[in-house]
There are 2 protein chains.
Amino acid sequence: VRALREGPGCTLEVIDQTKLPFALEWKTLRTAEETAVAIKTMVIRGAPLIGVAGAYGLALGLRGGELAVHYELLKATRPTAVNLAWALDRVRAAVEPLPAAQRFERAWKEAGAIAAAESDACKRIGQAGLPFFAKAKNVLTHCNAGWLATGDWGTALAPLYAAKESGVPLHVWVDETRPRNQGTLTAWELGQGGVPHTLIADNAGGLLMQRGQVDACIVGADRIAANGDVCNKVGTYLKALAAHDNHVPFYVAAPVSTIDVSLASGADIPIEERGGDEVRAWNGVALVPPEVKVANPAFDVTPAKYVTALITERGVVPATREGIARLFT
Amino acid sequence: VRALREGPGCTLEVIDQTKLPFALEWKTLRTAEETAVAIKTMVIRGAPLIGVAGAYGLALGLRGGELAVHYELLKATRPTAVNLAWALDRVRAAVEPLPAAQRFERAWKEAGAIAAAESDACKRIGQAGLPFFAKAKNVLTHCNAGWLATGDWGTALAPLYAAKESGVPLHVWVDETRPRNQGTLTAWELGQGGVPHTLIADNAGGLLMQRGQVDACIVGADRIAANGDVCNKVGTYLKALAAHDNHVPFYVAAPVSTIDVSLASGADIPIEERGGDEVRAWNGVALVPPEVKVANPAFDVTPAKYVTALITERGVVPATREGIARLFT
């Protein structure tokens, strides 16, 4: 995992993503509380990465702390991405049978295993998705689902990096992704990887598809329901509609840890409502006067019928109940 | 027209819309060249308003200047909204038969007549559209098509102001409208008019419609083709798709000067590509490093099939060839 690493003395070092794209700064997290704040304030973000960070955070909380308290603290930071709960559950299950004195070491090891597994999953996602991009010239993505948000490679960006490595001359349209502007992270990441790209306002993608300037869309996911409905960064749904209207394939790339088979459909996924300041201001600069009322839902749900395929580390399946069931057998 | 007025000594005074919502400043324009710069840099904006401003600008250019030169100068400022060409044509037709010495006075009078007619059209649009909002609780709008963009009342906002006057307890979801953030103008305008509203990221409207939190959408237009395709601020198409997908009516309000019957369909409408700095920075604050490549198409085309009705000063018609023909007979 490139956006997060184990530091000296069992600390957690993470890239401070609120400082990108202008500065690459690392931040050291020493406690579960510090990790919770980093997740909540989006110093670290991206569904798979907050799972990994949560796992490490829970381990940090076990250096003398209560399991249940830190489990709840970390789980409450962000409600939508299921990877966080999934990773916390996995660490809890690993340490629960053990006496308190052995828990920290076991949890730290489990977090490392989760990190390694998610990185490996991303690499497999890249290989699984590669065939869909072998002939694509222009691909559109929303938000950031690259290595900053996951392990190495990323989820949505993994097949694009794989295509780049295979010599496919891809160009990526990058949605700005208001209000947090995670598209600027994607632009930075693609720039680091030498992948040609163009940043656009979130409003522009529909026009580009109408003009035939988009060969495929690919996004990550924060939670996928058992029927294939995909919850992802708000605005994803609008791009899926435009892709459908213009016969552009719309792919969702995610590790199976993102799939929540306990939910029948996307309507059951909790949508995080974030603070209004994310809409009112940008990097401390006011966009509107403080008295303007704002709403800031952070995710939306793309109905399964608009998803061409799910690309996972266990293979590519249709976004249907049957397709998803196949991943778990 | 509230966003523009005749100043002393036949000058043109306009609200500097680049200063809103933080400051209400008027700017005086004395020449066609100054008017052209004000239109190009969006000191004045909105399809009907740039038509009115263009008409006055051409008049200013006739105080000693060449008709053809100033006509072309003003026409070239912005290519998409047809109202500009329409108003310039109207002034040119009025003054062409006259000797040079009489042209300025005639043109100034014609510009005033256009301003009055567009204001009157807005008021009629408000009345024509009112019945559709008599029971609406939550209405979504994109960009700014209020009195800042037109004459009094506005186009898209005119039925909402009329509803407010009739005692309908409306609430308006205001799309931020990146990259120029004209939603902040709409929020300011609605605030001045006492209409409850909430500013949202452009990405959020789809989710709100999925949740049943939008009863109707209404937008203005920059050009409407003979078949009912609607060209409007980029991103409009995405909201129309979401409205269609969620059975939410999607209205387009515009004066008939916005309809270009010479164009068979929206595919023929020129889409303005604006400077990349509008995406790269906000009010001089960089959002991405200057080396990031950006694209900035300013409009898109909503196919007629996604438009519930066109609301004009001559009545409400379906967005079809037959409906539009009815407006001109």
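Order of the sequence lines sets the chain letters (A, B, ...), proteins ahead of strands, with each chain counted from 1. Here the structure is a predicted model, which is why all the values come from computation and not from measurement.
Of the two parts of Ala187(A), only the side chain, counted from C-beta on, holds a non-hydrogen atom closer than 4.5 Å to a non-hydrogen atom of chain B. Residue Ala298(B): no heavy atom, backbone or side chain, is found under 4.5 Å from chain A. In this structure, no portion of Trp188(B) lies under 4.5 Å from any heavy atom of chain A. Looking at Asn296(A), there are no atoms closer than 4.5 Å to chain B (heavy atoms on both sides), in backbone or side chain. Looking at Leu287(B), the atoms closer than 4.5 Å to chain A (heavy atoms on both sides) sit in the backbone and in the side chain alike. Contact of Arg280(A) with chain B is not made at all, since no heavy-atom distance falls under 4.5 Å. Both the backbone and the side chain of Ala286(A) have a heavy atom closer than 4.5 Å to some heavy atom of chain B.
To the nearest 0.5 Å, the span separating CG on Asn181(A) from CH2 on Trp282(B) amounts to 12.0 Å.
Across every non-hydrogen atom of Arg178(B) and Arg178(A), the tightest pair is CG-CG, 3.8 Å. For the pair Leu207(B) and Tyr237(A), the tightest heavy-atom approach, listed with the atom from each and the gap, is N-CD2, 4.4 Å.
Within the 4.5 Å cutoff, side-chain heavy atoms of His142(A) are placed close to those of Asn203(B). Residues Pro303(A) and Gln210(B) form a side-chain contact, since some pair of their non-hydrogen atoms from C-beta on lies under 4.5 Å apart.
Between chain A and the options Asp300(B), Val288(B), Val301(B), the largest number of non-hydrogen pairs under 4.5 Å is found for Val288(B). Of the listed residues (Val279(A), Thr177(A), Asp245(A)), the one with the most heavy-atom contacts under 4.5 Å to chain B is Asp245(A). Of the listed residues (His244(B), Glu176(B), Lys239(B), Lys233(B)), the greatest number of heavy-atom pairs within a distance under 4.5 Å of chain A belongs to Glu176(B). Among the candidates Thr236(B), Leu238(B), Leu208(B), Thr184(B), the residue making the largest number of heavy-atom pairs closer than 4.5 Å to chain A is Leu238(B). Interface check for chain B: of the options Pro289(A), Pro297(A), Gly183(A), the most heavy-atom pairs under 4.5 Å are formed by Pro289(A). Contacts with chain A were tallied for Val292(B), Ile271(B), Val174(B), Leu20(B); Ile271(B) has the most, counting heavy-atom pairs under 4.5 Å. Contact tally against chain B (heavy-atom pairs below 4.5 Å) for Ile200(A), Asp175(A), Val285(A), Val234(A): the top residue is Val234(A).
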